Amino acid sequence: MPIVRVALDVPLSGLFDYSVSDDPVEIGQRVIVPFGRRQMVGVAMEITDATDMAPERIKPVTQVLHDSAPLSAQLLELLRFCSDYYRYPIGPTVLAALPTRLRSDKPLVAKPPESYRLSAAGSELDLDSFPKRKVVQRRILARLADGPCNLAQLKSLSATVGPQLKALLQDGYVEHCEAEVTVAEHQLVGAHTLTGEQQDAVDAVAAAQGYACFLLHGITGSGKTEVYVHLMHHVLQRGGQVLLLVPEINLTPQLEHYFRSRFPDASFASLHSGLSEGERLHNWQQAQSGAAQIVLGTRLAVFAELPKLALIIVDEEHDGSFKQQDGLRYSARDVAIFRANQSKVPVVLGSATPSLESYHNAQTGRYHMLKLSGRALASATLPSVRCVNTNHTVMHHGISENLLRDIEQRIARQEQSLVFINRRGYSPVLMCTGCGWLSSCKHCAGKMVLHLNDRRLRCHHCGYQIRVPHACPDCGNPDLHPVGSGTQRVEEVLQERFPDARILRVDRDSTRNKRAWQTMRDQIHANEVDILVGTQMLAKGHDFPALTLVGVLNPDGALYSSDFRAAERLFAQLAQVAGRAGRADKPGEVLIQTEFPDHPLYRALQQHDFDGFAASQLAERQMAGFPPFMYQAMLRAEGRQESEVFAFLGHARAAAVELQQKVEILGVVPAALPRRANHVRAQLLVQADTRKALQQFLRAWQPSLDALPAQKLRWSLDVDPQEF
Ligand code: ADP
Ligand code: ZN
Ligand code: ZN
């Protein structure tokens, strides 16, 4: 009797055995099986004759689902690798990689065919007599007059094709058709003549036979995107698929539109968590069938089926959002590299400030280093970076007089300024001037942030919030004082100083509404804004041509952080915000307000010397025994009882020591935020000289972890952790 071994989304390790009835099962197919009292959707991973279970306990598969093609052996292998490497059960690993619709037992509804042509009425239509103001509809009609098109091709005509196409369908001028629209030649629009360095980069990647990993290291504006575009073109002409991973969901629609405009004939599929379930399924299937030639997405897209995969690009490879922070704690960049290796295709990691892991790998020859050393546009120069010593200047609630004067100049010249502060709210804490009371969160080890517009104190860790008290809860003193500045206060101070200036605050509070951010971007581009105040949301990837000044408030915290990656992240972030200034023909200026203007990190930034900064960081890391010279795993635990949390980690540590392997086992310590939402949090770090030694140890350690009593705790193992 054949047995099918099924991956199920249950928090248990291993696969589950079922018998197969008349309907044969293929590996990779979705099946519905009984589990406990429920029926669940799973994925058939193996088919065997043998099972350890007693024959009478084996239940039959309830139903084999045929509404979607089976998952490929390659994808299953990739998921098995991830499950093993990240020490996460195979079932949830496999199921989490699928769009929600494929995880449900409801039958999939087929989408109507995606191709369009003129109807009889449409063919007879005289375009000259068609209303002139219906610009997009006219464009669609003109295009379809040349022959059928698919949706992707039509989308390249305008950003609002969707509703206009719908109107034409309703009016009966356009109809669906079955025809598979194929494109023989791929047009690349607006290609630049590449610089020597760009051409070398393109040639090197295009010449790769099979797997090779490239680090494309080029400052912002050096033309990395242009290199991607040329490489994509190369792949499209050969009928391959490209996977392009980007860090930020907020950026994907913009990027998608950009790449669509460069490749009007290519078919795209985007994959990110902002899509509806239906869209996500559709796009996933477009990738799976090979119909989507360019798949653009955030980290989860690394698990898309790509039968014709020929190239992977990871843009902003250093970005922290490639790492998933719960469940399967994978790094999409690292999985992309594994996947490229598995599929024998090249992978390009692009960044202005590569992660030190990738940089080190490129220096030691495991990756190929490709450098773009200047800005691509001859007219665009690098911004000049200066430091203002906050101890030696007049400060106005966290903003220096120097910065205010510079902003004033920009307003006079009708240029934009950006004030960057990585803290939202009005001020990070409220203090009593009488007794020194601070607005601590009663559930966390952190402080409650003052939000003045709705007069609330909010904990950014657990979400707990209260009204701002009228007097000190401890001593009754009514004189409560906001300490420090967040975006709201900066906005207020600037508005007082520049009453006529148009100030726009961009942070998670002001962009909560989905459309808000898009509207703000349009305002910025239309030059309806003089001063931008924002958090890191503004640092990433946006191109604001009128922006010529960036002021950075109070970034010093990272210099004395206990997290050894804090300096690396700060450098990347500041280089990125600095890159926002002066992208067009106007030179940009960056002003960093700091107590340590001579700190080597700021020195390196001023000299645009990533290599020097990286060299000093790597030397420190090597001395201290940190990644990339060591490989780490973090065991984290949290629970209501401090004693239980520490007992669990203590036992885990003892079990680790007992294994006597070639790993260094550090002590059990409280987490950076030792209490969150009334849960005590602690951690245990393990590190080894090689990935292999660490993996071997983790495999041996896991069974003892699973066996430890931990009913009242939550714990997780994080391989290659990014946060401490
Ligand atoms: P990055 O991705 O490194 O930030 P981009 O690829 O966006 O840089 O290029 C920055 C600017 O330079 C863009 O406006 C782009 O059109 C232009 N550009 C890129 N390559 C060239 C080139 N070879 N010649 C002229 N302009 C270029
Ligand atoms: Zn008080
Ligand atoms: Zn809290």
Side-chain angles (χ1 to χ4, degrees), residues 188-202 216-232 244 246-247 251 254-255 258-259 261-262 313-317 348-354 370-383 428-449 456-466 469-481 539-545 575-576 578-585 673-681:
L188 167 57
V189 173
H192 290 286
T193 311
L194 297 181
T195 63
E197 283 181 326
Q198 284 176 319
Q199 190 65 54
D200 290 347
V202 170
L216 181 62
H217 179 203
I219 50 167
T220 0
S222 62
K224 294 185 293 297
T225 311
E226 197 62 27
V227 171
Y228 302 158
V229 165
H230 281 253
L231 287 171
M232 289 159 114
L244 172 61
V246 298
L251 286 172
Q254 252 172 293
L255 282 170
Y258 173 78
F259 285 106
S261 73
R262 302 295 304 268
I313 299 169
V314 185
D315 190 25
E316 309 288 1
E317 67 89 27
V348 177
L349 314 177
S351 177
T353 50
L370 304 171
K371 277 205 189 270
L372 304 180
S373 48
R375 283 201 156 179
L377 287 171
S379 56
T381 47
L382 285 169
V429 63
L430 191 63
M431 190 180 79
C432 167
T433 51
C435 72
W437 168 87
L438 293 172
S439 57
S440 304
C441 174
K442 68 175 180 183
H443 305 294
C444 300
K447 301 285 181 275
M448 308 255 278
V449 176
R456 291 196 155 255
L457 290 173
R458 262 194 207 117
C459 174
H460 288 182
H461 299 296
C462 72
Y464 177 68
Q465 46 172 299
I466 52 171
H470 293 293
C472 171
D474 279 2
C475 74
N477 170 18
D479 195 10
L480 299 178
H481 202 72
K540 289 184 186 177
H542 307 287
D543 197 354
F544 303 133
Q576 210 156 25
R580 299 303 115 226
R583 290 207 25 135
D585 47 354
L673 184 69
R675 193 166 60 97
R676 184 172 67 193
N678 295 319
H679 284 69
V680 174
R681 312 163 78 227

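Counting convention: from 1, in listed order, for ligands and their atoms alike. Keep in mind that what you see is a predicted model, and the values were worked out from it rather than measured.
- For the pair His481 and Leu430, the minimum side-chain heavy-atom distance is 4.5 Å or more.
- Both the backbone and the side chain of Glu226 come within contact range of ligand 1, each with a heavy atom under 4.0 Å.
- Residue-to-ligand polar distances place Gly223 within reach of ligand 1: an N/O pair is separated by less than 3.5 Å.
- When side chains are defined from C-beta on, Arg681 does not count as touching Arg675, because their heavy atoms never get closer than 4.5 Å.
- Within ligand 1, counting atoms from 1 as listed, the ones closer than 4.0 Å to a heavy atom of Thr195 are 23 (N).
- Between Asp200 and Leu370 there is no side-chain heavy-atom pair separated by less than 4.5 Å.
- To the nearest 10 degrees, the Zn ion (ligand 3) sees SG of Cys462 and SG of Cys444 at an angle of 100°.
- Of all atoms in ligand 1, numbered sequentially from 1 with element shown, those under 4.0 Å from a heavy atom of Thr220 are 4 (O).
- In the vicinity of Leu194, heavy-atom distances shorter than 4.0 Å reach the ligand 1 atoms 23 (N).
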Is there a side chain to side chain contact (heavy atoms under 4.5 Å, CB included) between Trp437 and Met431? Walk through the geometry before answering.
CA-CA 6 Å; Trp437 168 87; Met431 190 180 79; over 6 Å; no
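- With ligand atoms numbered from 1 in the order given, ligand 1 contributes 3 (O) to contacts under 4.0 Å with heavy atoms of Ile219.
- Residues Phe259 and Leu244 form a side-chain contact, since some pair of their non-hydrogen atoms from C-beta on lies under 4.5 Å apart.
- Between His192 atom NE2 and His230 atom NE2 the span is 8.0 Å, to the nearest 0.5 Å.
- Minimum heavy-atom separation, Thr433 to Asp479: OG1-O, 3.0 Å.
- Here Cys475 contributes SG and Cys435 contributes SG, and at the Zn ion (ligand 2) these two atoms make an angle of 110°, given to 10°.
- The distance from the Zn ion (ligand 3) to the nearest N/O/S atom of Cys459 is under 2.8 Å.
- Against a heavy-atom cut-off of under 4.0 Å, Thr193 is close to the following atoms of ligand 1: 22 (C), 23 (N), 24 (N).
- Proximity of His217 to Leu372: side-chain heavy atoms (C-beta onward) are nowhere separated by under 4.5 Å.
- Assignment of Gly218 to the shell around ligand 1 is not supported, since no heavy atom sits closer than 4.0 Å.
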